[in-house]
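Heads up, the thing below is written out as structure tokens.
We're numbering straight along the sequence, starting at 1. All ligand and atom numbering here is 1-based and tracks the order in the structure.
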Amino acid sequence: MTVETSFLGITLANPLMNASGVHCMTVAEMDELAQSAAGAFVTKTATRDYRAGNPQPRYVDVPLGSINSMGLPNEGLAYYLDYCLARQNQQALQFLSVVGLSYDEIVENLRTIEASDYQGVTEFNLSCPNVPGKPQIAYDFELTERLLTEVFSFFTKPLGLKLPPYFDIAHFDQMAAILNRFPLTYVNCVNSIGNGLYIDVDKEQVVIKPKGGFGGLGGDYIKPTALANVRAFHQRLNPSIKIIGTGGVRTGQDVFEHILCGASLVQVGTALHQEGVGIFERLVAELEAIMEAKGYTCLEDFQGKLREIN
Ligand code: RRO
């Protein structure tokens, strides 16, 4: 039995990764990920320049998951690009997450990556919910199409998109129709569910400071929504566009469910933040135990094979 998987022709020990934003802000954190049991890793989403992000407290673990309004703190694109460039001969597969604070900055950042020697995968984050005054790009279908048209006029390296969750069948249809026009390597479903509100009832107060307490939800809260998005896009996208499943992954069963819905790789956010990089070994062992019990010998035996009720 094996949990090995192939992505862009590269063999990974297993399908697990961190979710961008968790345990990947600094070189020390990325080194820990690279040395962990994870099959691959992704950097914190970079903007062109360093950003301090929103005021603290801005990330809180709560009983059913997490709420964050980090506000895109990061060391700047050059920091993450240099890290990936320095490692790209040793590390099998790296993902560099990127966005920009404006249309022009997004294009500039992707041009910087294109012009560099970077050989890995680029994850274009269309779904940050936490920068005051900046709506999640991928909720604007017209803007998304315009941006992708411009980016693919010059970008030739493997490119994936980090999408926000959608909640309407018509939106799955409309977004998939747009995405199918572009040579995307993958889409990653989902980013946090934006702008939830968690309340400390004893204090009768919100738990994070930015934006009056509104923040992106992760963890158990979001697994059914994440699975729905993985399934919906797996059903609608060209088979050449892979799906990365993210949202509510805490156990091997959660990994199994994402793959059953069609995920090729599975990312861990909230639970990685809570448990540290040792979680990847545990998830692999739990996934293997499920596969063993069901008589599966490889991920392809069940990937995308969720049954409906006839
Ligand atoms: O930094 C953040 O506030 C953040 C980002 Br860029 C994102 O994509 N998703 C999220 O939950 N937080």
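Using modelled atom types, one finds no donor on one side chain facing an acceptor on the other under 3.5 Å when comparing T47 with E105.
At under 3.5 Å, not a single nitrogen or oxygen of P129, backbone or side chain, sits near a nitrogen or oxygen of ligand 1. Where the criterion is an N or O separation shorter than 3.5 Å, residue side chain and backbone included, N191 meets it with respect to ligand 1. Residue M70 has at least one nitrogen or oxygen atom sitting less than 3.5 Å from a nitrogen or oxygen atom of ligand 1, judged on distance alone. When only interatomic distances are considered, the shortest N/O to N/O separation between P73 and ligand 1 does not fall below 3.5 Å. Polar contact with ligand 1: present for N130 (N/O pair, distance under 3.5 Å). Of the polar atoms of N68, at least one N or O is found under 3.5 Å from an N or O of ligand 1, judged by distance alone.
A 6.0 Å sphere centred on CZ of R231 holds more than 12 heavy atoms belonging to other residues, nucleotides or ligands.
Classification of the F256-F302 ring pair by plane angle, with boundaries at 30° and 60°, yields parallel.
Taking every non-hydrogen atom of K44 and a distance limit under 4.0 Å, the qualifying atoms of ligand 1 come out as 1 (O), 2 (C), 6 (Br). In the vicinity of L72, heavy-atom distances shorter than 4.0 Å reach the ligand 1 atoms 1 (O), 2 (C), 3 (O), 6 (Br). Within ligand 1, counting atoms from 1 as listed, the ones closer than 4.0 Å to a heavy atom of N125 are 6 (Br), 7 (C), 8 (O). Ligand 1 places these atoms under 4.0 Å from at least one heavy atom of S192: 10 (C), 11 (O).
The shortest heavy-atom distance from G21 to ligand 1 is not under 4.0 Å. Within the structure, the closest approach of C128 to ligand 1 falls below 4.0 Å when heavy atoms are considered.
Minimum heavy-atom separation, F152 to L159: CZ-CD2, 3.6 Å.
With a 6.0 Å cutoff to the six-membered ring centre and a 45° limit on the axis angle, R111 counts as a cation-pi contact of F154.
Comment: E75 does not engage R51 in a salt bridge, judged by the lack of any side-chain N to carboxylate O separation of less than 4.0 angstrom.
Here the rule is ring-ring contact (aromatic ring centres under 6.0 Å, His included) with F95, and of F124, F7, Y83, Y118 only F7 fits it.
Evaluation of the salt bridge (Lys or Arg N to Asp or Glu O under 4.0 Å) test over residues 278-300, restricted to residues two or more places apart or in two chains, returns E275-R282, R282-E286.
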